[in-house]
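A short worksheet on the structure shown next.
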Amino acid sequence: MSTTQPPATAGEMAGRYEPAAVESEMRALWEAAGGFTAGGTRAGRPTFTIMIPPPNVTGVLHMGHALNGTMQDIVARHRRLCGFDVLWLPGTDHAGIATQAVVEKKLYAERKLTRQQLGREAFLAEIWAWKEKHGNYILEQLARLGASCDWSRTKFTMDPALSRAVREAFVRLWEKGLIYRGARLVNWDCLLQTAVSDDEIEYVPRKGRLWQLRYPVLRLAGGGAPGSGGTPTHIVVATTRPETMLGDTGVAVHPDDARWRALIGATVRLPLLDREIPVVADEGVEPKFGTGAVKVTPGHDPADYERGARHRLPIVNILAKDGTLNENAGPFAGLPREKAREAVVKALDEQGLLGKVEEIEHNVSMSDRSKSPIEPLISEQWFVKMQPLAVPAIEAVRSGSLRFKPERWARVYLDWLDHVRDWCISRQLWWGHRIPVWYDEDGVGVASREDLPLGSPHPKTGKPIVRQDEDVLDTWASSWLWPFATLGWPDDTPDLRRYYPTQFLSTASEIIYLWVARMVMAGHEFMQQLPPERRTPFATCFINTTVLDAQGRRMSKSLGNGIDPLELVAQYGADATRFSLVMLTKEGQDTRFAAEKTELGRNFVNKLWNASRFVLSRAGRLPVLDPARATALEDRWILSRLAATIEAAGEAYGHYDFNDAANLLYRFTWNDVCDWYVEAVKPRLLAGDEVAAAVLGRVMADLLALLHPFTPFVTEAVWQRLRAASDAPLEGVLAWARWPDGAGLRRDERAEADLARAQAVLTSVRKLRQQNDVPDRKPVRVTVALPDDAAVAGLQRAQDLLVRLGALASLTAARNPTRPAGAAADVSEGIEVLLDLEGLVDRAAQKADLQRTLDKVTKQADSITAKLSDESFTSRAPAPIVARERARLEELRAEQQRIEGLLAS
RNA sequence: GGGCGAUUGGCUCAGCGGUUAGAGCACCUGCCUUACAAGCAGGGGGUCGGAGGUUCGAAUCCUUCAUCGCCCACCA
């Protein structure tokens, strides 16, 4: 084998932008320049803070993260360019259940060990070891997308400082009486053996059965015998979970239901256990469903729990924590719930107490985490009273200290807060913040900021402490403190004072309840040293769109339809991935995405790269622009367009309208700069024209800054090259440069109109060339007829440009020029363009084309004529609108005449 | 059962009361023009889901229907 020099890649040879090398080079450049650490030399400036929604430590970057990270980075980079001291703080969430599950699985796969076998301490050590090894993976992935986070301030929800904050918050709430422990019906995950919150369950439609069970009536309300007066001897209830009948403590019917009214107040016998239970009247029963009679199982159904409470029915719990039936299930004790269901049905059937059985589709509640069915179960849990915390969180939106974008999400937020329920914060897990409550021998609990060693005296009772609560806190009990706990709270740190509250939170709609609302509550509850409007943890909550697959389905692991953002980065580049996402993502609108769509961004980045390559290689030194010397039409035009673009882009960025900003910059870059300006100026540039070079230098520098938030790598790379070639005093690193201020630029309406007219003429010329098989570079004599003197003058100002770009032998412009015989003709915008072909014209194609234009114009003219002859329009529409229609009609008439003239000749 | 969103060229989406409804992709034609074929030039194609209404004027506002999607809700 012979060794050879690595050849230039095919891509480089062909002028293709190759992102991989540039990206790592630029990251190194930023790193060398000090990285994106907040404060430092910018300590004197106004701050702009973004807290990353901490992804799970177990996480792997998916499209949602990529989109969210891109949005935050766009804002961070834009604000940095605008001169702010930007802190974008990164970090990860310990994600209790998810992480514990990952490590448990690994432990079992590798060493056939369960966590119980290992014991609490050793198991936690395993998780920490896992976290140290893999915990930063997702942040590293984000960095590859270009995220300009302050990596020196990276936080983790179980860092000692954050853990301290969690404990402080718990104790404060405890002291205010907002934390209580109680036996409540919770959503029990039998697989993970923990409670999960309402927000962590989902309803999945499943095929099931609706069984009718017959409970014998023992005696009527007044003590009458069953069946007397024609009353039913049995009450028939319908259920999808027959095994829960073992926990029934009543039967409910609607008070107005004629079928059962006679049984209200009666006592019935609960079969199998021979318990006597009452029949109660409850408005909440839907007579039309099932049999109209509902078994009431307060221990195992949330609706029944409340119904039972209304009628003071006792609660019987028949389930153990692992999902098997307990001693209250009598003969069925010890059976797993599925087996118990069969056994109960069989037993009832044997006693002739089973009624109709129907196949139905119904919603089954499933645990988000384990995907196993949720069993509502009474258990002792810790709760936070939410009502008092919700009040200021509602006020935050009402007063405008918190804004949602799109605004409609505010209602979702408010609706939830209006009906907020107490938050079950205890989890029967090991991985998480252990509940800081200690008990004495009588079981009297106390919350404490400091650990209470076993044997030490209980601060209230004085009796020795015997144990700490076994449970840990819900993960959200740490992440709701994220906006300030990451800055050092509860200590009064300089960071906390400087960077709280934050300005921008970007997240997904799914966690408005779980996270956003709770952070606002926490901000108002725990940051009371600040005035109320400054307690709100973020000024804007930006809700991202959902990235769907090409068929419009959610991307999910189980469907396998997800796209790995890093594969896009590898294939198309980080800039291309980011830019494509922004171009395809309109605020508030879900996005259908397929990998190929990244070509959009890749092509754009490539275009930008090549345009700059051309300028930098052909222009020589780029002098500082003196706007006074930029007198050529194309120069005045592009500078005017630049002025307009800076203004519009600034506006769009400021309003977080990223899609608008990207579209606008795309068009300016591709159409205005590349298609027109660079083409117009090529000969000048190659001839060493300094003004053209200076204009290009200015346009490029400003454009790179405008695009930098979207495509940081390529813009930085070009900036570095531009800086080396330019006499302008450009900052050393684009990432910390200044946002274009438009100095020396102004809108030039006349230049824009002149150029638009020239573009129309040129398009006609090119069209005629193609129609008549005239090669692009063969010089042609062109005559243009224009509607008025102003247009004629305007076209004359564009003469040089037209001759150059259109390869014209001559250009004649007048209102009514002499028309050369045998010319090819085109009419558009009231401008008639004639190409002198000395009779070599394809008459048929010509006529067909002109006829089509004429039809269109005639149709429009007719519709305006009708409009103008309508009295109600002319009298009621605003005068300027009517005048505009009149003017438009005149133009159309003139155009009609021109075309008719051409068709007649 | 409520709430929200969507329905615009073949596809994916902009436009959200006022001239001729736009873009990218795809398509047709001609071009390897020394920045870019991941490109250049030119072109064709939609009356804006259906029906009603408001208005001088509606893709844009209102009502209603249809279809699709998301969220919330204790129909056992």
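Not measured: the values here are computed from a predicted model.
For A:Trp670, the listed nucleotide lying nearest its side chain is B:G39; candidates were B:U19, B:C71, B:G39. Distance from the side chain of A:Arg16 is smallest for B:A38 among the nucleotides B:A6, B:U20, B:A38. Of the listed nucleotides (B:C13, B:A35, B:U29), B:U29 has the atom at the smallest distance from the side chain of A:Gln770. Side-chain proximity of A:Leu600 to B:U19, B:A38, B:G24: nearest is B:G24. The side chain of A:Arg602 sits closest to B:A38 out of B:A38, B:A76, B:C74. The side chain of A:Arg408 lies closest to B:G5 when the candidates are B:G5, B:A35, B:A38.
Counting to the nearest Å, the P atom of B:U20 and the CG atom of A:Leu889 are 11 Å from each other.
In this structure, A:Arg592 does not reach the B:C25 phosphate: none of its side-chain N or O atoms is under 4.0 Å from OP1 or OP2.
Within the 4.0 angstrom heavy-atom criterion, no nucleotide atom of any strand lies near A:Arg886. In this structure, A:Asp675 reaches the sugar-phosphate backbone alone: every heavy-atom distance under 4.0 Å involves primed, P, OP1 or OP2 atoms, never a base. Counting non-hydrogen atoms under 4.0 angstrom, A:Glu596 reaches nothing in the nucleic acid. A:Lys607 comes within 4.0 angstrom of a nucleotide base, judged by non-hydrogen atoms across all strands. At a threshold of 4.0 angstrom between heavy atoms, the contacts of A:Arg804 with the nucleic acid are absent. Within 4.0 Å (heavy atoms only), A:Arg777 reaches sugar-phosphate atoms of the nucleic acid but no base atom. When heavy atoms are screened at a 4.0 angstrom cut-off, A:Thr297 is found touching no nucleic acid atom at all. Within 4.0 Å of A:Arg411, counting heavy atoms only, lie sugar-phosphate atoms of the nucleic acid but no base atom. Heavy atoms of A:Glu599 sit nowhere under 4.0 angstrom from any nucleic acid atom. Among the atoms of the strands shown, base atoms are found under 4.0 Å from some heavy atom of A:Val285.
Position along RNA chain B of the nearest nucleotide to A:Arg554 versus A:Asp301 favours A:Arg554 as the more 5'-ward residue.
If you check the side chains of A:Glu587 and A:Asn659, you find no donor sitting under 3.5 Å from an acceptor.
Contact of the A:Leu584 side chain with the A:Phe593 side chain is registered, since non-hydrogen atoms from C-beta on lie closer than 4.5 Å.
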With 3.5 Å as the limit, what N/O pairs link the protein to nucleotides 53-57 of chain B?
{"residue": "B:C56", "atom": "OP1", "partner": "A:Arg876", "partner atom": "NE", "Å": "3.3"}
{"residue": "B:C56", "atom": "OP1", "partner": "A:Arg876", "partner atom": "NH1", "Å": "2.0"}
{"residue": "B:C56", "atom": "OP2", "partner": "A:Arg876", "partner atom": "NH1", "Å": "3.3"}
{"residue": "B:C56", "atom": "O4'", "partner": "A:Ser872", "partner atom": "O", "Å": "3.1"}

> Under a cut-off of 3.5 Å for both distances of each Watson-Crick or G-U pair, what dot-bracket string does RNA chain B give, using [ ] for crossing pairs and | for inter-strand pairs?
Replying inline: (((((((..((((....[...)))).(((((.......))))).....(((((..]....))))))))))))....
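For the P atoms, the distance linking B:G52 with B:A14 amounts to 28 Å, nearest Å. Here the separation of B:A38 from B:A21, taken at their C1' atoms, is 29 Å to the nearest Å. For the P atoms, the distance linking B:C61 with B:U7 amounts to 11 Å, nearest Å. Across B:U12 and B:A51, the matching P atoms stand 23 Å from one another, rounded to whole Å.
A donor-acceptor pair is defined here as one N or O able to donate and one able to accept, closer than 3.5 Å; such a pair exists between the side chain of A:Asp549 and the backbone of A:Gly552.
Ring geometry, A:Tyr17 versus A:Trp609: the interplanar angle falls from 30° to 60°, so the pair is classed tilted.
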